[in-house]
Amino acid sequence: MSENPHKAGFVSIVGKPNVGKSTLMNALVGEKLSIITSKAQTTRHRIMGILNGDDFQIVYSDTPGIIKPQYALHESMMSFVRTSLEDADIILFVTDIYEKHDEDDVIKRLQHANVPILLLINKIDQATEEEVNEKVAYWQEKMNPTEIHPISALHNFGVEQLFARLLALLPEHPAFYPKDELTDKPERFFVSEIIREKILLNYKKEIPYSCEVVVEEFKEEEDIIRIRAEISVERKSQKGIVIGHKGEALKKVGTQARVDMEQFFQKKIFLDLYVRVNENWRTDQKLLRRFGYSSE
Ligand SMILES: Nc1nc2c(ncn2[C@@H]2O[C@H](COP(=O)(O)OP(=O)(O)OP(=O)(O)O)[C@@H](O)[C@H]2O)c(=O)[nH]1
Ligand SMILES: [Mg+2]
């Protein structure tokens with residue numbers, strides 16, 4: 001048994017789209033929980049990743065990139081960011097070396113927080129030392145956060161040191177969740193996210209943003225998991241694109257998703273994919289609720 005007092009708390013990972021929030025959460029938790037692509041707005045939910053030790057529990061929350069909402073889906077995404085910030089004992093404000101700081105909404109919002117803010121400058125593997133120093137000076141001046149850490153989430157550079165700082169700043173508290181729990185989300189959620197990741201990777205322009213995935217069936221048998229999932233698109237023309245010539249495009253998505261699912265569940269997967277038109281689901285409150293988005 002450990003002699004140390006038990007520490008536990010919520011660490012909220014926030015920032016603009018595409019800066020590497022999900023990459024960082026996966027690196028901190030040591031599991032691929034969040035999907036990652038080079039497209040903005042990959043993450044649409046608050047996804048908890050729980051890291052447990054004998055005398056600590058860190059509940060990370062990966063969140064959607066902060067944007068000005070353009071439709072109801074965005075509003076729900078931003079409400080996930082808001083509640084994650086409200087729960088936070090520590091905020092990880094992720095920026096990257098490319099970020100242009102043309103609007104200050106986020107910064108203003110964070111300045112009201114009364115918990116430590118660790119500002120991370122990510123992707124330093126793609127910058128010179130001079131550029132990194134410039135960014136550090138910029139953020140020091142602009143925001144004066146509790147701490148600034150240059151990191152590379154992708155190459156695991158600075159992540160260990162960041163973790164040590166989080167542990168030091170964490171309040172004394174008993175665990176919030178059972179110690180063998182890794183996330184707050186059910187298995188079906190990860191199935192739909194893996195499919196969404198392959199959609200983001202395989203289609204262009206507005207297609208990925210018009211798609212949502214719902215797992216209709218998840219049947220675990222002794223040596224196989226049988227999954228049926230439905231991809232919703234907003235218009236009939238999009239259905240054709242997602243399916244592709246002779247079904248080739250959808251088949252590719254299915255194959256790529258299955259490989260990842262077999263890795264994730266460590267089990268053979270049978271995956272059946274369908275496409276359905278749910279007109280303008282991104283602005284339809286009823287459909288959004290069915291897809292797991294709420295705007296509280
Ligand atoms: N070179 C480099 N690329 C990185 C690093 N961290 C993340 N990336 C890349 O940046 C892109 C976005 O990463 P994500 O982790 O999906 O970013 P995010 O902030 O979660 O994005 P949203 O969910 O869309 O808000 C991906 O292509 C990552 O591979 C890094 O340290 N170095
Ligand atoms: Mg993300």
Side-chain angles (χ1 to χ4, degrees), residues 11-49 60-70 73-82 84-85 91-101 103 105-106 109-110 118-129 131-132 135-136 148-163 183-185 189-190 192-213 260 282 293:
V11 175
S12 176
I13 305 174
V14 298
K16 286 194 184 175
N18 216 35
V19 291
K21 299 178 295 298
S22 299
T23 309
L24 176 65
M25 173 154 102
N26 291 349
L28 284 162
V29 178
E31 296 278 344
K32 196 188 164 189
L33 288 178
S34 282
I35 59 167
I36 295 165
T37 80
S38 59
K39 291 199 172 80
Q41 296 174 43
T42 293
T43 305
R44 290 181 183 164
H45 292 267
R46 174 186 183 178
I47 303 161
M48 289 188 193
Y60 296 104
S61 292
D62 183 20
T63 62
I66 299 173
I67 46 170
K68 286 205 175 75
Q70 285 169 339
L73 170 66
H74 285 164
E75 272 155 29
S76 170
M77 286 161 61
M78 294 309 104
S79 83
F80 292 141
V81 179
R82 223 163 20 244
S84 162
L85 283 171
I91 294 170
L92 296 183
F93 178 41
V94 187
T95 69
D96 70 16
I97 49 135
Y98 301 109
E99 197 172 318
K100 301 260 191 308
H101 320 287
E103 47 132 329
D105 286 10
V106 180
R109 202 185 308 174
L110 289 182
L118 309 196
L119 187 140
L120 310 180
I121 301 165
N122 191 28
K123 307 189 187 177
I124 61 164
D125 55 290
Q126 293 187 334
T128 62
E129 203 179 324
E131 286 166 335
V132 173
K135 287 285 180 204
V136 172
I148 298 180
H149 297 263
I151 63 162
S152 170
L154 187 64
H155 298 282
N156 242 307
F157 181 85
V159 176
E160 258 320 287
Q161 291 88 326
L162 174 63
F163 166 69
T183 178
D184 63 324
K185 292 274 186 273
F189 175 80
F190 296 100
S192 61
E193 286 292 273
I194 290 169
I195 297 166
R196 226 164 47 71
E197 182 182 81
K198 303 315 171 195
I199 292 171
L200 279 150
L201 293 173
N202 280 287
Y203 303 100
K204 288 192 272 243
K205 296 187 182 154
E206 94 289 358
I207 295 290
Y209 300 100
S210 305
C211 286
E212 182 57 59
V213 181
D260 277 24
R282 288 187 293 184
Y293 300 99

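Whatever order the structure lists ligands and atoms in, that order sets their numbers, starting from 1.
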Side chains of T63 and S84: do they bring a donor and an acceptor to under 3.5 Å?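 Looking only at side-chain atoms, S84 and T63 do not form any donor-acceptor pair under 3.5 Å.
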Who's the nearest protein heavy-atom neighbour of [atom], and how far?
| atom | value |
| --- | --- |
| atom 15 (O) of ligand 1 | T23 OG1, 2.6 Å |
| atom 6 (N) of ligand 1 | N122 ND2, 3.1 Å |
| atom 8 (N) of ligand 1 | K123 CE, 3.7 Å |
| atom 26 (C) of ligand 1 | T37 O, 3.5 Å |
| atom 3 (N) of ligand 1 | L154 CD2, 3.7 Å |
| atom 32 (N) of ligand 1 | D125 OD1, 2.7 Å |
| atom 18 (P) of ligand 1 | K21 N, 3.5 Å |
| atom 22 (P) of ligand 1 | N18 N, 3.6 Å |

Taking 2.8 Å as the cut-off, does an N/O/S atom of T42 lie below it from the Mg ion (ligand 2)?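 It does not; every qualifying atom lies at 2.8 Å or beyond.
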I'd like to know if the Mg ion (ligand 2) has an N/O/S atom from N18 within less than 2.8 Å of it, counting both backbone and side-chain atoms.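 Under 2.8 Å: N18 has no N, O or S contact with the Mg ion (ligand 2).
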Y293 vs H45 aromatic rings, parallel, tilted or perpendicular, using cut-offs 30° and 60°?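 Y293 vs H45 ring planes: parallel.
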Does M25 come within less than 4.0 Å of ligand 1, judged by its heavy atoms?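 Heavy atoms of M25 never come under 4.0 Å of ligand 1.
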One residue to check: H155. Relative to ligand 1, which of side chain, backbone, both or neither has a non-hydrogen atom less than 4.0 Å away?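 Neither part.
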With a heavy-atom distance limit of 4.0 Å, tell me whether Q41 approaches ligand 1 through its side chain, its backbone, both, or neither.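 The backbone, only.
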Interatomic distance, L24 atom CG to I151 atom CD1 [nearest 0.5 angstrom]: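 Answer for the CG-CD1 pair, L24 versus I151, is 4.5 Å.
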